[in-house]
**Q** 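Below is a structure I'd like to ask you about.
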Amino acid sequence: MLRTVSQRLTLWYSLLFAALSLGAFLLVYVQLAAGLDRQTDERLQAKAREFARTYRTRGVKGLRLEFATEANGAGKRRVFFRLLGPDGTRQAASDACAWKGLAASPIQHPACGGRIQTLHLPGRRFAVRMLCSRLDDGSLLQIAASIKENEMLLEAYRETFSTVFFILLSCGGLGAYFISRRAMAGVRQVTAAAASIAAGHLDQPLPPGKRGAEIENLTAAFNTMQRRITALIAELTTVIDNVAHDLRMPITRIRGMAETTLSGENNLAAFRDMAVAVIEESDRLVAMVNTILELAQIDAGTLPLPDEAVDLAQVVREAAELFLPAGEDRGIDLRWQVPTEPLFIRGDVRGMQRVVANLLDNAVKYTPAGGRVDLQVSASAEEVTLMVSDSGVGIDEDAMRHVFDRFYRGDASRSTPGSGLGLSLAHAIVTAHHGRITVTSQPNMGSRFLVALPRITPPAG
Ligand code: ADP
């Protein structure tokens, strides 16, 4: 029934409003009733003191006279006075016609000295208030007064409240409904925009407005999400384009090799050469596909990375030794400065090997013969830092913004083998290890890659 937030807000608001109004009404009602009773009681007590004085000075006779005068003055239906002797016999009383209930059974309440009660007497629509007071000689003085005016006032108050309550409740409920609908207008707009995006219109951001901070924050978050989705879709399209392109090239090469071999001399050596080349190209393809998959899994957080203590100093040392022959072949002076003590980080040793190997491979690849590649590992209390610097071709400012992007390859690297995935994989692995990877470089002045990873204390044993 109450499907929308507006309806629920209206119900809650109305319930709250009703509870508060009823509470306020009850408070005022009780106060008013008590105030009116107090006023009546003060009058009754004053009258009782007056009668007690008369009884003392002028006796029963005087009191009887005063009863009659007072009853005539105030109205016989409105007041009733009676004096009962200590034995309960009636000594004096005003006209009792309208006070049958009282007159028929004279109240001799033993504890009624000074007490004032509200009584509902037969034949009377409105209640009466009665005071019983013991006089010095044990006689009982009874004074009863109609509280018709008080009752009528309270009744009028009750009636007015019920009418006003229902009018206010209806207006309040309607008002609450319209206000909550207005408040939800922004949410409806965001919903409509989300539906429009779901229908494929990704280029319609929500316009900012003055709909309240919550809605504006929602709008801003929504627009950010929309921009992110648009960027992701664009990235995905580029990645698919690049993957298609990068797969087509080696496949075309493989096909070309096969075709050339088939149409050439049919000797075994040619077939062997072709088979070797096909295996090499296929291995490269498989490696590329594996890297793409790995990147996708790291991005999605679905690649379970081992959580072990890794001695980064050792990883770097081993990688440097592995690359030494390749460096020498290319006439590059490869040096490393790695502390002998182990420097631990937490994570995946294979992942770290790939990061170091990719950086080293690039440094060697993009440094001409006669150049230098330096590896340096250092540590602070919190971090272990790896620096890979070379004296190679360097990277220009524009390219530096993209080196960590998928499939990005600098112009100068077109002639060198590669897929443009090495640095993005390194970046993804380092980020998954809660580390940072940065680059500083200038064209023809070499490049410097820095990897910083959180250090952990060496495992016991
Ligand atoms: P690949 O080396 O396969 O092209 P990477 O992702 O490893 O792909 O690197 C991306 C690009 O960054 C390279 O194409 C190259 O232009 C540039 N780059 C990376 N490392 C270096 C380096 N040490 N010196 C100069 N340019 C580099």
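Each ligand, and each atom within it, is numbered from 1 in the order the structure gives. In this text the structure is predicted, and so the values were computed from the model without any measurement.
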**Q** Provide, line by line, the atom pairs where ligand 1 and the protein bring an N/O atom each to a distance under 3.5 Å; else say none.
**A**
{"unit_1": "ligand 1", "atom_1": "2 (O)", "unit_2": "N362", "atom_2": "OD1", "d": "3.1"}
{"unit_1": "ligand 1", "atom_1": "2 (O)", "unit_2": "K365", "atom_2": "NZ", "d": "3.1"}
{"unit_1": "ligand 1", "atom_1": "2 (O)", "unit_2": "Y366", "atom_2": "OH", "d": "2.8"}
{"unit_1": "ligand 1", "atom_1": "3 (O)", "unit_2": "S419", "atom_2": "N", "d": "3.0"}
{"unit_1": "ligand 1", "atom_1": "3 (O)", "unit_2": "G420", "atom_2": "N", "d": "3.0"}
{"unit_1": "ligand 1", "atom_1": "4 (O)", "unit_2": "Y366", "atom_2": "OH", "d": "3.1"}
{"unit_1": "ligand 1", "atom_1": "4 (O)", "unit_2": "R409", "atom_2": "NE", "d": "2.6"}
{"unit_1": "ligand 1", "atom_1": "4 (O)", "unit_2": "R409", "atom_2": "NH2", "d": "3.1"}
{"unit_1": "ligand 1", "atom_1": "6 (O)", "unit_2": "G422", "atom_2": "N", "d": "3.3"}
{"unit_1": "ligand 1", "atom_1": "6 (O)", "unit_2": "L423", "atom_2": "N", "d": "2.8"}
{"unit_1": "ligand 1", "atom_1": "7 (O)", "unit_2": "N362", "atom_2": "OD1", "d": "3.3"}
{"unit_1": "ligand 1", "atom_1": "7 (O)", "unit_2": "N362", "atom_2": "ND2", "d": "2.8"}
{"unit_1": "ligand 1", "atom_1": "7 (O)", "unit_2": "L423", "atom_2": "N", "d": "3.3"}
{"unit_1": "ligand 1", "atom_1": "8 (O)", "unit_2": "G420", "atom_2": "N", "d": "3.4"}
{"unit_1": "ligand 1", "atom_1": "14 (O)", "unit_2": "Y366", "atom_2": "OH", "d": "3.4"}
{"unit_1": "ligand 1", "atom_1": "14 (O)", "unit_2": "G410", "atom_2": "N", "d": "3.0"}
{"unit_1": "ligand 1", "atom_1": "14 (O)", "unit_2": "S413", "atom_2": "OG", "d": "2.9"}
{"unit_1": "ligand 1", "atom_1": "16 (O)", "unit_2": "G410", "atom_2": "N", "d": "3.0"}
{"unit_1": "ligand 1", "atom_1": "16 (O)", "unit_2": "S413", "atom_2": "OG", "d": "3.4"}
{"unit_1": "ligand 1", "atom_1": "20 (N)", "unit_2": "N362", "atom_2": "ND2", "d": "3.4"}
{"unit_1": "ligand 1", "atom_1": "23 (N)", "unit_2": "D390", "atom_2": "OD2", "d": "2.9"}
{"unit_1": "ligand 1", "atom_1": "24 (N)", "unit_2": "S447", "atom_2": "OG", "d": "3.3"}

**Q** Should R78 and E149 count as an ion pair when the cut-off is N to O under 4.0 Å?
**A**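 Yes, this pair counts.
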**Q** Go through the structure and list residues passing side chain to side chain contact (heavy atoms under 4.5 Å, CB included) with R248, not counting sequence neighbours.
**A**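 With neighbours one apart ignored, the set is H245, T252.
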**Q** Regarding K148 and E151, does a basic nitrogen lie under 4.0 Å from an acidic carboxylate oxygen?
**A**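 Salt bridge between K148 and E151, a charged N being under 4.0 Å from a carboxylate O: no.
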**Q** Could you tell me whether the side chains of T40 and N150 share a donor-acceptor contact shorter than 3.5 Å?
**A**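 Looking only at side-chain atoms, N150 and T40 do form a donor-acceptor pair, the distance falling under 3.5 Å.
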**Q** Does R182, at its CZ atom, have more than 12 non-hydrogen atoms belonging to other residues, nucleotides or ligands within less than 6.0 Å?
**A**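 At most 12 heavy atoms, drawn from other residues, nucleotides or ligands, come within 6.0 Å of this atom.
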**Q** Can R346 and D307 be counted as an ion pair, charged N to O under 4.0 angstrom?
**A**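 Salt bridge between R346 and D307, a charged N being under 4.0 Å from a carboxylate O: yes.
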